[in-house]
Colleague: 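Provided herewith is a single structure, encoded as structure tokens, for subsequent inquiry.
Just so you know, these numbers use all the heavy atoms, side chains as well, and skip hydrogens, waters and symmetry mates. These figures come from a predicted structure and were not determined experimentally.
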Amino acid sequence: MTGSTMVAPLERLGILPSFSRPSVSDDTPSSEALFRTLTYRPEYPDWPSCDLAAARAWGDACARWDNTEPLHSGIRFVTPEHRHSGREAAILDGRRE
């Protein structure tokens, strides 16, 4: 949306374009990272043949996986489950020893 061909018509219509802002949870880098994580999963579904219930079930399973299995670099290589359950400190202490 920063290209002049996109910004000029928006300005003519009185629309102020929004650009990426740091520290916003729905900013482009966060969305792109999540999209890449989801699409690189081996069980990524064939969406056109997928119904709404199947899509929701897959999304729930993927969120459960992301919160319990991979270590996240942004939270010192623990899982979100470890962090929210209070086990993060014990894990980090064990690493220091």
Colleague: Is the CZ atom of R87 crowded by more than 12 outside heavy atoms at less than 6.0 Å?
Modeller: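 Counting neighbours around CZ of R87, more than 12 heavy atoms of other residues, nucleotides or ligands fall under 6.0 Å, so yes.
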
Colleague: Would you say N67 and T79 make side-chain contact, with heavy atoms under 4.5 Å?
Modeller: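 N67 vs T79: side chains apart.
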
Colleague: Kindly write out the residues that satisfy side-chain contact (heavy atoms from CB on, under 4.5 Å) with D93, not counting sequence neighbours, or none if the list is empty.
Modeller: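 Expected list: R96.
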
Colleague: Who else is in V78's hydrophobic cluster (ILVMFWY, side-chain heavy atoms under 4.5 Å, direct or via others)?
Modeller: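 Other cluster members: I75, I91, L92.
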
Colleague: I want to check something: taking the side chain as every heavy atom from C-beta on, are R83 and H72 in contact at a cut-off of under 4.5 Å?
Modeller: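 A side-chain contact is absent here, since even the closest heavy-atom pair is not under 4.5 Å.
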
Colleague: Name all pairs fulfilling the salt bridge (charged side-chain N to carboxylate O under 4.0 Å, His left out) condition that reach into residues 59-77, sequence neighbours left out, sorted by first residue then second.
Modeller: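 Found R76-E88.
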
Colleague: Is there side-chain contact between W65 and P70, with at least one heavy-atom pair below 4.5 Å?
Modeller: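 Side chain of W65 against side chain of P70, heavy atoms only: contact under 4.5 Å found.
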
